[in-house]
Amino acid sequence: MGLEDGNSENARSWARFLATCLVGGVVVAVGVGFGVSLLGSQERHGPQLPLGFPWRRKKNRPVRVYMDGCFDMMHYGHCNALRQARALGDQLVVGVVSDAEIIANKGPPVTPLDERMIMVNAVKWVDEVIPDAPYAITEEFMKKLFDEYNIDYIIHGDDPCVLPDGTDAYALAKKAGRYKQIKRTEGVSSTDIVGRMLLCVRERSVSENQHHSSLQRQFSHGHSQKFEDGGSGSGTRVSHFLPTSRRIVQFSNGKGPQSDARIVYIDGAFDLFHAGHVEILRIARELGDFLLVGIHTDQTVSAHRGAHRPIMNLHERSLSVLACRHVDEVIIGAPWEISKDMITTFNISLVVHGTVAENNNFQKEQGNPYEVPISMGIFKVLNSPLDITTSTIIRRIVSNHEAYQIRNEKKAASEKKYYEGKSYVTGD
């Protein structure tokens, strides 16, 4: 549906009605197809017309767009959707669906609302966040978006968002002519990530010594593997993400530090980018003018955390970190050990590390990766606000394996019903 299109017959009827009405001695005339200007509160707070009536956005204020979602286990696909949504307006308002609504419509979320709020607030293209948003946009909530939040358009991806009864969750927004669509980011979804985690846990339990069947090698060679005995039997799709320079530029801030900037450096795997990562990056950024983040290679992560890690590959992890508003730049494939030459090259003033991390025995191990910055007196350990690691997220998935299987089955059933309905409904 176009930006100002509506039900033309409804529009003509409404125009004829208004043209013949006398309000306080003044005839109200309407030019069909050119919108309508209403007096009083409607002029101040936005249009309050019947669904399907042609609508014209006021030109004297920023274009505000709205996008909602569960944003469970937030990944670079979510971030890219928010980036595209923001490009369709001047300000992006994001609704984060409540835990109760997710449970009712999809099944239990991996990350609770407070963590999902931290993640969405941290995305650099987001201007405002609404907590506890409904899963389906009702007429009442849509009116609230238009009247109270001054939303001009409601945005969603080109993949279906289907309610348990098989209907389109955005049907009302489309009918109102206030809906815009963006392209879904291929190669990743929360369901895929859950599958990757379950696969790596299953693989590890079958044999810790079968290095040739490591998840890392499967990612590298593009292979997939079905669960063996006791598994789901449905198979798990591994990462098919193909990084391009254009995508990296889209996520990048596009500018370097000032000559006199205090540059703070923090490194890590940043696998399954989560609220714990966001909070430690926020604190690190507050210690300087420019935050440089080192992302370790897949091989480095595998060497220090086991062949079953990382879950997300290097470029996927890099994009997730780049999308964070606290981050200024990343080093894609940062070295494990921080050398004097690296500190000089990037003009690093301070190197930091959080108290909550997968590897916190670095000072006791031979070949301490922070030995050089420690000797230079520019190393600092930061208290991590949240006790969350990548392993925490994996444990949540494993402990709720059955629930997530049911969740995915419900999603597949809803989408099937939706597509079957599309065979009989035209003009949607």
Side-chain angles (χ1 to χ4, degrees), residues 76 211 214-217 219-220 239 241 243 245 247-249 251-253 256-257 261-274 276-277 280-281 283-285 287-324 326-382 384 389-391:
Y76 67 91
H211 298 299
S214 73
L215 191 62
Q216 179 56 49
R217 284 185 172 82
F219 283 175
S220 300
S239 173
F241 174 62
S245 57
R247 180 70 77 215
I248 293 172
V249 168
F251 274 54
S252 173
N253 288 346
R262 177 176 169 82
I263 300 174
V264 179
Y265 178 78
I266 185 170
D267 61 0
F270 296 98
D271 196 13
L272 298 178
F273 196 63
H274 52 70
H277 291 138
I280 198 65
L281 291 174
I283 293 175
R285 180 61 176 81
L287 296 176
D289 307 305
F290 192 92
L291 181 61
L292 177 64
V293 181
I295 316 292
H296 295 147
T297 65
D298 296 345
Q299 292 75 16
T300 297
V301 177
S302 294
H304 290 90
R305 300 185 186 177
H308 57 287
R309 301 282 283 277
I311 306 298
M312 310 290 283
N313 68 38
L314 173 61
H315 291 95
E316 291 177 309
R317 293 182 283 118
S318 297
L319 287 182
S320 291
V321 174
L322 268 175
C324 180
H326 310 305
V327 176
D328 294 291
E329 191 171 3
V330 304
I331 299 176
I332 302 175
W336 178 254
E337 295 185 6
I338 301 172
S339 65
K340 179 69 183 303
D341 182 60
M342 178 180 169
I343 292 171
T344 302
T345 299
F346 291 99
N347 195 27
I348 295 169
S349 304
L350 181 66
V351 176
V352 300
H353 187 79
T355 53
V356 175
E358 299 279 353
N359 175 33
N360 263 334
N361 295 321
F362 57 88
Q363 297 193 49
K364 301 177 182 178
E365 296 175 355
Q366 188 175 8
N368 179 357
Y370 302 106
E371 183 177 350
V372 171
I374 290 174
S375 67
M376 295 174 64
I378 61 169
F379 179 77
K380 183 180 179 65
V381 175
L382 306 179
S384 301
T389 64
T390 300
S391 294

For this session: Determine, stepwise, if the pair His315 / Ile332 fulfils side-chain contact (heavy atoms from CB on, under 4.5 Å).
Result: CA-CA 7 Å; His315 291 95; Ile332 302 175; 4.3 Å; yes
Distance-minimising heavy-atom pair for [X] and [Y]:
X: Val352; Y: Ala284; value: CG2-CB, 3.9 Å
X: Ala269; Y: His296; value: N-ND1, 4.1 Å
X: Leu319; Y: Ile248; value: CD2-CA, 4.2 Å
X: Cys324; Y: Phe273; value: CB-CZ, 4.2 Å
X: Ser349; Y: Ala261; value: OG-O, 4.3 Å
X: Ala334; Y: Gly294; value: CB-CA, 3.5 Å

Any side-chain heavy atom of [X] within less than 4.5 Å of one from [Y]?
X: Pro373; Y: Ile343; answer: yes
X: Met342; Y: Val372; answer: no
X: Lys340; Y: Met376; answer: yes

Checking [X] side chain against [Y] main chain: does a donor-acceptor pair fall under 3.5 Å?
X: Asp328; Y: Leu292; result: no
X: Ser384; Y: Thr355; result: yes
X: Thr390; Y: Asp271; result: yes
X: Asn253; Y: Val327; result: yes
X: Asp298; Y: Leu314; result: yes

Nearest 0.5 Å, please: how far is [atom2] in [Y] from [atom1] in [X]?
X: Leu350; Y: Ile263; atom1: CG; atom2: CD1; result: 11.5 Å
X: Ser320; Y: Phe251; atom1: OG; atom2: CZ; result: 7.5 Å
X: Leu287; Y: Leu382; atom1: CG; atom2: CG; result: 5.5 Å
X: Glu337; Y: Thr300; atom1: CD; atom2: OG1; result: 10.5 Å
X: Asn347; Y: Tyr265; atom1: CG; atom2: OH; result: 14.5 Å

Exercise. With Phe270, which residues qualify under ring pair (Phe, Tyr, Trp, His ring centres under 6.0 Å), at least two apart?
Worked result: His277
Seminar exercise, completed: Between Asp267 and the options Val351, Ile338, Val293, the side-chain contact (heavy atoms from CB on, under 4.5 Å) test singles out Ile338
Exercise. Applying the side chain to side chain donor-acceptor pair (under 3.5 Å) test to Tyr76, which of Glu316, Arg247, Arg317 qualifies?
Worked result: Glu316
